[in-house]
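Only one structure is covered here, and it is reproduced in the block below.
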Amino acid sequence: MATSDLTDTALSIKNLTVSYHNQPVLWDIDLDIPAGVMAGIVGPNGAGKSTLIKSLLGLVPSLSGEVMVHGRPYATQRKRVGYVPQRSSVDWDFPTTALDVVTMGLYGRLGWLKRPGRKERHEAQEALEMVGMSALAERQISQLSGGQQQRVFLARALVQQADVYFLDEPMAGVDATTERAIIDILRRLRDAGKTLIVVHHDLQTVRTYFDWLLLLNVRVIASGKAEEVFKIDHLRQAYGGQIALLNDNESLMFAASKVK
Amino acid sequence: MVWLELLSDYTFQNVVIGASLLGLISGPLGCFAVLRRQSLLGDAISHAALPGICLSFIITGSRDIGGIIIGSLITGSAAALIMLMLTRLSRLKTDAALGACLSIFFAVGIVLLTYIQSTNNASQGGLEAFLFGQAAATLRSDLWVMGSITLVTLLLLAVFWKQAKLVTFDAEYARTLGMPITVIEASLTAMVALAVVVGLQMVGVILMAAMIVAPAAAARQWSRHLGGMLTIAAGVGIVSGVSGATISTLSRGLATGPLIVLTATVIVLISLALAPGRGLLWGVIKHYRQKSALQKQQLLYALYKHTADPSCTPSTLGSRRMLNKLKQQGYLTRSPRGDDGWGLTAQGQEEARRVVAAFEELAS
């Protein structure tokens, strides 16, 4: 790992609580994620993984809590934060091209009135190049496969040149090639000193992909370096009864380290 | 010289200009409504305009367009707002909230309308024309108001194009970029209300929703970009407005508003069927092409694999037609045994080998 400077904190959350109707979805989350890591957020269904990311970004109202990005409140640091939402969150039948979607990542920087010009299109094209999609720049987004759509979303975040990236299940429903490609890009970003915070659902690959982990089930079960968090006790605590599915502790660990 | 006479006719001019303005604003605004899955919001807003029209008449005592526009904007926006609050705060789903809002506001409107009629106010004549529109009653002064609203709305869209587009495609992402999405979404909804107001005089509150949805639905079929979609939708709106108005005038007495809506519907149907790439017709053709290609491969495969078996004679009409087609293409020949069987030609052998190879590669 090129950068594991644990003194700089990329994301710091204090006392974050989110509720839906009367039900707490996230309860008293305290969390510090160091800069330059690839952090996975893992937990059972309904643990609040996506809600955590969305409440950090102000997309879901929170009851309490403060979010600092690189030491300053999130609201003042928007330009340093990139977001890759779940692919299913938008209607892909929208009449536009892959390149145009990526250009949307620059709208924040352009301000209220300025329009994207040649420079912006060039940057967007470069971001598409990074995710291996430059040949499909002019393709209608409705004609892209699921994996290609996910790459377009990734490119849209890349073009923002942020320091901290939030990704909501980027590996959900994509083919193996795309998963490989996405992981490669994320690793490259991490090696360039960026911080990546990824909601992930596949326990099999957790150990190979992430160097930092948050195990979540409404509360923080454990957080820290991946090898310290990914332990059967913690997993049992997070997944409760569902752990029966992965009772064979040793084989799980073994399988995970084999994937490489 | 019917046309010359028609073009110099004052009423006809007003109706055509009014219909064009309506198309010009409802097409582009409808695109945003349709893409944001809020096409029925236009329906709720337009039905809810009726109580506003009646209230404005009760207060001002006249059919002045200014009062009517303000009244219908207020009740229309109130309906939209209540609908959004119902979906957000209660457990009602969008469709139920929308249906409730639409019918309650419309019922209030009808009650007010009959109340006004019962007061026998001499100037109330024709207030019910707002139900289905009364294009022929359009005045030059109305056109100026409609034109200004259209111009301002389109200018606003042009200036905040980026914001409108991103909020429509991906509102949450827009918010992470720091865009005030609530303001932008509310503005887009308010603009739909403005489009409805422009159409009140022409097509009336009941059919107005069609002018929001139809041009946008037709335009989506032909466009690859949002900008193109808006332009085409405006064009469809104008064409249906003008042709509806013309048909109505030439036919003497057929209602203009419904004719405009019907023309738009015809354009939608044509677009749904024929638009390149997205049209149903191309879907059907593609399906048959693929099916026939598959049948050809399957037949060649079968003949190649089971050459020795003379008992496989074609039994269905479809496969017999396909066999004859393959014979014409030079892949097949009548079997040399002289019976009813078929054999592969050298060319057919080659093609069949390719099919088999592709098939086995797929299976492995």
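Lettering follows sequence order; numbering is per chain, from 1.
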State whether the side chain of [X] and the backbone N or O of [Y] hold a donor-acceptor pair below 3.5 Å, judged by distance alone.
X        : Y        : value
A/Arg109 : B/Leu177 : no
A/Arg115 : B/Lys162 : no
B/Arg224 : A/Glu138 : yes
B/Glu172 : A/Leu59  : no

Counting only heavy atoms closer than 4.5 Å, note whether B/Arg220 contacts chain A via side chain, backbone, both or neither.
side chain
If I measure from the heavy atoms of chain A, does B/Arg278 come under 4.5 Å with its side chain, its backbone, both, or neither?
side chain
Got a second to check how far [X]'s [atom1] is from [Y]'s [atom2], nearest 0.5 Å?
X        : Y        : atom1 : atom2 : value
A/Phe153 : B/Tyr173 : CZ    : OH    : 9.0 Å
B/Leu166 : A/Asp100 : CG    : CG    : 10.0 Å
A/Tyr74  : B/Thr176 : OH    : OG1   : 5.5 Å

Pick one of side chain, backbone, both or neither for [X], based on which atoms fall under 4.5 Å of a heavy atom in chain B.
X        : answer
A/Lys54  : side chain
A/Ile141 : side chain
A/Val84  : neither
A/Gln160 : side chain

When you compare the side chain of A/Pro95 with that of B/His225, does any pair of heavy atoms fall below 4.5 Å?
no
Using a 4.5 Å cut-off on heavy atoms from C-beta on, say whether the side chain of A/Tyr107 contacts that of B/Met179.
yes
Inspect the surroundings of CZ in A/Arg188 and state if more than 12 heavy atoms from other residues, nucleotides or ligands are less than 6.0 Å away.
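Yes.
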Tell me if the CH2 atom of A/Trp92 is crowded by more than 12 foreign heavy atoms within 6.0 Å.
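Above 12, so yes.
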Report the C-alpha distance between B/Leu35 and A/Asp91 in whole Å, list the side-chain angles of each, state the deciding distance to 0.1 Å, and finish with yes or no for side-chain contact (heavy atoms from CB on, under 4.5 Å).
CA-CA 8 Å; B/Leu35 290 173; A/Asp91 178 8; 5.6 Å; no
In terms of the angle between their ring planes, are A/Phe94 and B/Phe169 parallel, tilted or perpendicular, with boundaries placed at 30° and 60°?
tilted
